Each structure stands twice: as structure tokens, then as C-alpha cells.
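Here is the structure we will look at.
Note that the structure is a prediction, hence the values are computed from the model and not measured.
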Amino acid sequence: MALPVVKGSRYTTILPSTGAEIEYRPYNVGEEKLLMVALESKDQKMIIRTLKDVMKECIFDKVDFSRFTVFDFEKLFLALRAKSVGEIVDLELKCQDTECNSVTPVSVNLEEINLTDLPESNTIIIDNDIGVTLRYPGIQDVEKYDEEHLAKTEGAFDMVIDCIDTIFDEEGVYNCKDEPRESVEGFLNNLSSGQFKKISSYFEKIPTLTHDIEYKCIKCGKENEIELKGLQSFFT
């Protein structure tokens with residue numbers, strides 16, 4: 001005789017970049033084990049690959065992850081995690097007093113975590129009639145690189161190149177997908193520091209999960225305040 005199968009609940013959430021509604025179910029124990037193994041590996045590519053595999057199983061709608069922004073991916077998984085394991089996540093945060101450095105347990109309600117606002121425009125005017133249009137980094141962009149590379153100047157530069165959609169001037173619009181990567185890189189290298197800052201500031205404003213936490217150190221009593229940013233901040 002076959003064992004009974006427990007039917008799960010269905011929930012919906014909204015993708016921030018498009019407003020599209022996604023219907024999903026909580027992940028099960030077997031899927032949670034896969035996630036835990038991936039998180040323990042600290043391998044960014046493995047983590048993203050496993051998250052995508054689990055999310056594909058849990059989402060009822062047809063989704064194309066190549067079209068997901070990083071913050072779409074983060075927001076969707078946060079909603080999935082909250083309904084699968086619970087809205088409260090327990091963190092251990094270090095005291096900011098360097099002479100103390102003790103760890104204090106802090107509970108965070110995942111439903112209170114919000115995304116920062118979207119930039120007002122994706123068009124950047126660099127000089128007179130010359131400018132670029134940018135897109136948000138997608139999960140497929142992050143998946144190409146390891147975390148160590150992205151933390152370096154070269155990695156950040158690679159991400160900027162990946163996310164330039166078009167370059168335009170008074171003579172026309174140039175689709176960067178149709179241009180050699182070396183040409184786009186050469187365009188950026190030819191900019192002044194101030195001009196490049198106009199582009200890089202766009203990426204500094206890209207939405208991310210953020211939550212301000214105030215907590216008192218259980219050892220020294222110091223009042224601490226910290227901003228958690230990004231998905232992995234809430235699972236460490």
C-alpha cells in the first residue's frame with residue numbers, strides 16, 4: 001500500500017521588476033536538505049544552481065530565470081523560505097565593539113524585510129549627447145562568476161560590461177549585444193573617472209534586500225546597530 005502524500009498550500013508573491021504574480025508551494029524536507037548542503041559549501045555557483053533547481057520545483061508558473069533580476073530572485077526565495085520554514089530566522093551577530101566581539105542571538109521577521117527603491121532611470125548621460133542604457137544584473141550574470149571575482153575591481157568591471165544594453169550618441173544607437181566585448185570595454189576604459197562614476201552609481205542603487213537591526217550585546221551591554229543586505233545575510 002502506498003504511503004499518503006501530504007498536500008501543500010499555495011501562495012503568491014510579486015516580482016518587483018515586472019509586477020508579475022508568481023504562484024508557489026513551500027519546499028519540502030528533501031529540498032531543504034539540498035539547500036542546506038549548498039549553503040554549507042559556500043560555493044556561490046552551487047548555491048545559485050541549487051536555489052534555481054528547488055525554485056523550479058516549487059513554482060507552478062512557467063518561469064525563465066534568464067529574465068530574473070538578482071533582486072527578483074532574492075525576493076522570490078525569501079518569500080519561499082518564509083512559507084517553508086517560518087517567518088522568523090535566528091541570527092548570531094557580533095558585537096561591534098572590537099574589544100568585545102561576542103555573539104548575540106537576534107531573531108528577524110522575514111516579512112519585515114523590504115527591497116530598496118528602484119533607480120529612477122536606466123539611461124545615463126555621460127557627456128553632451130553620449131550616453132548608455134543599462135539593465136539590472138540578472139541571476140545569470142552573477143552565476144557566471146565566483147564570489148571572489150565579483151568582489152574585485154575586475155569583477156565589478158565585468159558586471160558593468162554585461163549590463164550595458166546600448167551606447168548612443170547623436171548619430172545613432174549601438175546595441176552592445178552586436179558589438180565585440182572588447183569594443184564595449186574600450187569605450188569604458190576611455191571614460192574619465194567622473195564619467196565612469198555616473199555609470200557605477202547606477203549599480204550602487206540597484207534594489208537589494210535590506211533590514212536595519214538594533215540589538216544589545218549580551219556580554220558588554222553595548223547598543224549595536226547594523227544593516228543586513230542581500231539574501232545570504234539572513235542565512236548566516
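Residues Lys197 and Glu204 are paired through a salt bridge, judged by an N-O separation under 4.0 Å between the basic side chain and the carboxylate. A salt bridge links Lys83 and Glu111; the closest N-O separation between the charged side-chain nitrogens and carboxylate oxygens is under 4.0 Å.
The aromatic rings of Phe71 and Tyr136 lie perpendicular to each other, with more than 60° between the two planes, well past the 30° mark.
Of the possible donor and acceptor atoms, none in the side chain of Asn190 sits under 3.5 Å from a partner among the backbone N and O of Phe187. Looking at Asp169, its side chain does come within 3.5 Å of a backbone N or O of Gly172 through a donor-acceptor pair. Judged by distance alone, with hydrogens and angles left aside, the side-chain atoms of Thr13 form no donor-acceptor pair with the main-chain N or O of Leu76 at under 3.5 Å. Listed for the Asn122 side chain is no donor-acceptor partner under 3.5 Å among the backbone atoms of Arg135. Judged purely by atom type and a 3.5 angstrom limit, Asp64 uses its side chain to pair as donor or acceptor with the backbone of Ser66. In this structure, Ser84 contributes its side chain and Arg81 its backbone to no donor-acceptor pair below 3.5 Å. A donor-acceptor pair under 3.5 Å is formed between the side chain of Glu31 and the backbone N or O of Asn28.
Residues Thr123 and Phe168 form a side-chain contact, since some pair of their non-hydrogen atoms from C-beta on lies under 4.5 Å apart. Glu214 has its side chain out of reach of Glu223: every pair of non-hydrogen atoms, C-beta onward, lies at least 4.5 Å apart. For the pair Gln44/Tyr145, no side-chain contact is recorded, criterion being any heavy-atom separation below 4.5 Å from C-beta on. When side chains are defined from C-beta on, Lys198 does not count as touching Leu191, because their heavy atoms never get closer than 4.5 Å. At least one side-chain heavy atom of Leu209 sits less than 4.5 Å from a side-chain heavy atom of Leu115. Side-chain atoms of Val132 and Cys176, non-hydrogen and from C-beta on, never get closer than 4.5 Å to each other. Counting heavy atoms from C-beta outward, Phe65 and Ile48 have side chains that stay 4.5 Å or more apart. Cys217 is listed as a side-chain neighbour of Ser102, based on a closest heavy-atom distance under 4.5 Å.
A single hydrophobic cluster is seen to contain both Ile164 and Val142, as judged by linkage of ILVMFWY side chains at heavy-atom distances under 4.5 Å, directly or through other members. Cluster annotation: Ile125 and Ile167 are assigned to distinct hydrophobic clusters (Ile/Leu/Val/Met/Phe/Trp/Tyr, side-chain heavy-atom contacts under 4.5 Å, transitive). Residues Ile59 and Val85 share a hydrophobic cluster, clusters being chains of Ile/Leu/Val/Met/Phe/Trp/Tyr side chains in contact below 4.5 Å. Connection of Leu39 to Leu228 is established within a shared hydrophobic cluster, with ILVMFWY side chains joined at heavy-atom distances below 4.5 Å, either directly or through further cluster members. In terms of hydrophobic clustering, with Ile, Leu, Val, Met, Phe, Trp and Tyr side chains grouped at heavy-atom distances under 4.5 Å, Met55 and Leu34 are assigned to different clusters.
Atom CZ of Arg67 has 12 or fewer neighbouring heavy atoms from other residues, nucleotides or ligands inside a 6.0 Å radius. Surrounding NZ of Lys144 are more than 12 heavy atoms belonging to other residues, nucleotides or ligands, all under 6.0 Å away. By the neighbour-count criterion of 12 heavy atoms within 6.0 Å, atom CD of Glu170 is sparsely surrounded, having that number or fewer from other residues, nucleotides or ligands.
Here CG of Leu110 is found 7.0 Å from CD1 of Ile88. Values are rounded to the nearest 0.5 Å. Within the model, atoms CD1 of Ile126 and CG of Leu188 stand 7.5 Å from one another, a figure rounded to the nearest 0.5 Å. Distance CG/Asp53 to OH/Tyr27: 14.5 Å, rounded to 0.5 Å.
Considering all non-hydrogen atoms of both residues, Glu143 and Lys52 come closest at OE1-NZ, 3.0 Å. Leu80 and Cys58 make their closest contact through CD1-CB, 4.0 Å (heavy atoms, listed as atom of the first residue, atom of the second, distance). The two residues Ile206 and Pro137 have their closest heavy-atom pair at CD1-CD, 3.1 Å. Residue Ala38 comes nearest to Ile47 through the heavy atom pair O-CG1, 3.2 Å, listed as atom of the first residue, atom of the second, then distance. Contact detail for Tyr24 and Phe60: the closest heavy-atom pair is C-CE1, 3.6 Å. Contact between Ile213 and Val108 at its shortest, heavy atoms only, is CD1-CG2, 3.5 Å.
Side-chain N/O atoms of Thr166 and Thr133 include a donor and acceptor closer than 3.5 Å. Side chains of Ser107 and Asp90: a donor-acceptor N/O pair is present below 3.5 angstrom, by distance only.
Residues in residues 172-193 take part in these salt bridge (Lys or Arg N to Asp or Glu O under 4.0 Å) pairs, two or more places apart or across chains: Asp158-Arg181, Asp162-Arg181.
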(request) May I have the step-by-step check of side-chain contact (heavy atoms from CB on, under 4.5 Å) for Val54 and Phe77, ending in yes or no? (result) CA-CA 10 Å; Val54 170; Phe77 183 72; 5.5 Å; no

